[in-house]
Amino acid sequence: MKGNLNDLQKQAQEKWEELEESSFTIRIGTPTCGRAAGSLDTLQAFQERIKKEGVEAHIIEVGCMGLCFAEPLVIIHNPDSGLPPILYGFITHEKVLRLVEGFILGDDPCLELALGTVEFKEDGTPYIPEMPRFEIEERLVLRNCGYIDPLDIGQYLARGGYLTLQKALKMTPEGIIREVEQARLRGRGGAGFDTARKWKACYQMERGPKYLICNADEGDPGAFMDRVVLESDPHSVIEGMVIAAHALGASQGFIYTRAEYPLVIERLKIALSQAREIGVIGEDILGSGVNFDIELVEGAGAFACGEETAMIASIEGRRGMPRPRPPHPTEYGLNGEPTVVDNVKTFALVTRILQQGGEWFSQIGSPNSTGTAVFALAGRVEQIGLVEVPMGTTLKEVIFEVGGGITNGRTFKAVQIGGPAGGCLPESALDLPVDYDSLKEVGAIMGSGGMVVLDENNCMVETARFFVDFLARECCGKCTMGRLGVKQMLLILEDFVKGEGTEEDLDMLEGLAHDVREGCLCNLGGSAANPVLTTLRYFRDEYEAHVTGKRCPALVCKELITYYILPEKCEKGCDHCVLTCPTEAIATDEKTRKKKILQDKCVKCGTCIDVCPPEYDAVIKVSPPDRVKELEGEAGG
Amino acid sequence: MAEKGYVEITIDGQTVQAQEGEKILWAALDAGIEIPHLCAIREAHPPLGTCRLCFVEVEGEGVVASCVEPVREGMVVHTDGERAKTLRRRAMELLLADHDLECKTCVKEGNCEFLQMAISMKVKKPKNLHPFPREELPVDDSHPLIIFDPNKCIRCGKCVWVCREKAELVPFDFVYKGYDMRLTTFLSRPLGETNCTGCGECVEVCPVAALYFRKA
Ligand SMILES: Cc1cc2nc3c(=O)[nH]c(=O)nc-3n(C[C@H](O)[C@H](O)[C@H](O)COP(=O)(O)O)c2cc1C
Ligand code: FES
């Protein structure tokens, strides 16, 4: 298939135009997130129905559009209807029949299932005008995600893919680096390091071979940006890597991902072999004389292996532990040779920068953080999913306008941003622009893009304990501060959530957090203090409540709450709670049939709250635990 | 000006010449200026950097681990800055809190590098830290020459480094991660069943009594 890229591109484009203009297409999102929502059943249902009805329609499996809350997602385009492609949400397999009968066999576009129509911006990026979030979003990394078939390099080519590489191969390495420098691109792996500076350092090394590594380890719990990009549009990353390789003079590349991402691995293998087939990786790339190939490396999914020096050790076949720096990998990396490690999204953005120019890119976002930021929005927010906004967009816009606000009409309490080692920011920070420097100023980090929204039912002390627990288990354990300092913070926090801490422990926790931040060997420990320091800074009253009041204001910490049935609300004697209580801890008053919790038997599982019919809503949690005695006294025993 | 290949730096007000690329720690020690350290091996490149006892302050840069940071012409180093002292103390306190300190029954009878370092740093086992929940592990005395007591290990990593320098196949390495990271033998076999030759390099560098010679 090797041949002239322009010819291949032309053919692909013709095929694409035919598909877009005159074919009946059904696009079904089958990335990992879609699959979790049942999209494979949806796919199968469509395939069976279409076959049965004998309709001529192209079913295309696509990646993720970022609208994970509405998964499974389906886009149907019937050119004969005169309508643009229509995006449907929540299309579980039971709803397939309705769509087939309505819109595929008939001419009813089933608007009750539709989220909106798919329109295209000038540069071909799809958007949904009916969804207000697209007014704020700007999709540079996610441009193709959820619209093209990731397994068909032709669809990538048809949308201009690899033409940027062709252009870049004609540029000098200095020219490429200058473009990236002009874009003021900062690495998307977390620390926001100046990409051009890193590349320059490697480029100037007069030793070789040089290596290039794409960091697709994505160890943050709850983060899935890199997975989505690789599952939905792998060639945008591969193209960026080849461009980088040419700029650095690297001859071998690696994509390091985790074995827990089987679909990423499967799709990357196909994408790499297709790329090899058309000659955009391998020897003499597009006739330029540049040689560069990419190998896929599967890690065992240790969080610490996401750190670049640990990743290098892991690729070398050694234990994946970070090592102190200097020397930096650009000088002493894989096998001791100059090496650059960059994040998945960094490479995807490199492709866009070389395509549209560094100057164009630098105009997007804020002056010191150019371009866009991709977040995995999760937690107590309506529209969970992937978000890509220009840097500098405020947290409020991301959470309330793009994310649709807090679920169930609850109130916002905090947003945990930057992954496990990020920080928790309060309401007062909502007007903060999201960029590297602003986040750092308030004690959080950009991280690689986790954003978890917390509401009034989340306890901040427990939240801090949760993240520190993760870090204490997942840090490499190599240095004293990381291994013992983080663990000591955890021991203190474990006491707090049990109401066992003292004021002195609170001071110790704070002191430790500062020391761990400054004294750790790698950045992991360095940022491990963030969840503690930010919750202490913004939610100190909650710590005080746990420590001095032995009380959990959010009613979360099990040992600091008790359950209580409000006698005035428990009217009907419905017995729901009695029948479901696993420990027979609910007694019924002989005369009134009202219920009462026997505290010595209660294990605080919360089942009674869940089963108490909403019209009674008689079970409540109280804190501190002794409060229940007062209530019982007031109620007359 | 320093000679070619050398740079001139100031440590605690004293002018010191050091070879280019040398780490601050060795430049200081060569000049007779003490900086606490346990994991440092001069020949190790990159350095181990695990113990976190060697912090110093560099003007314009802040706190750095002196065994990791190379010297630069004109660098001004203070070993007694408050922040550096606090961090060194903290690291030592954490190590002591995680150590049994049963020196009376220990083969080294309190005469180990670790305890001496703690004494010279004037750091005692802290009372205000939570006790670390370590489980007692069996002592491995299967080897004819070397006894391995994992309970004493402070995880500095020097033994692994010297062993790797000497032997092709290293009989032990670190396993697990986070707080649970510890030294173990290859496939957790008794040391006597590994390829350990008993050269004793690891015993020489062990700052505690995790690896020691069997008494004759
Ligand atoms: C504990 C730890 C975990 C990390 N995990 C990741 C990760 O999952 N993905 C990533 O791209 N970078 C991760 N990093 C950052 C990398 O070390 C490195 O800075 C990054 O890959 C550089 O790429 P960039 O310049 O494109 O940001 C991690 C860092 C630390 C300290
Ligand atoms: S001597 Fe520097 S970290 Fe151990």
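By convention in this document, chain letters (A, B, ...) are assigned in the order of the sequence lines, proteins followed by strands, and residues within each chain are numbered from 1.
- With hydrogens and angles ignored, the 3.5 Å screen pairs no side-chain donor or acceptor of Arg155(B) with any backbone N or O of Cys479(A).
- Contacts between Leu490(A) and chain B at a heavy-atom distance below 4.5 Å are absent for every atom of the residue.
- Looking at Pro327(A), only its side chain comes within 4.5 Å of chain B, counting heavy atoms on both sides.
- In terms of heavy-atom pairs under 4.5 Å with chain A, the best-connected choice from Val64(B), Val63(B), Asn128(B) is Asn128(B).
- Only the side chain of Glu504(A) comes within contact range of chain B, judged by heavy atoms closer than 4.5 Å.
- Salt bridge Arg83(B)/Asp515(A): present, at least one basic N to carboxylate O contact under 4.0 Å.
- Residue contact with chain B, scored on non-hydrogen atoms closer than 4.5 Å, involves the backbone of Arg473(A) exclusively.
- Side-chain atoms of Thr50(B) do not come within 3.5 Å of backbone N or O of Thr480(A) as any donor-acceptor pair.
- With a 4.5 angstrom heavy-atom cutoff, Ala304(A) does not touch chain B via any of its atoms.
- Of the two parts of Leu512(A), the backbone and the side chain both hold a non-hydrogen atom closer than 4.5 Å to a non-hydrogen atom of chain B.
- In terms of non-hydrogen atom pairs under 4.5 Å with chain A, the most contact-rich of Leu48(B), Asp173(B), Val68(B), Leu53(B) is Val68(B).
- With respect to chain A, the highest number of heavy-atom pairs below 4.5 Å among Glu69(B), His45(B), His130(B) belongs to His130(B).
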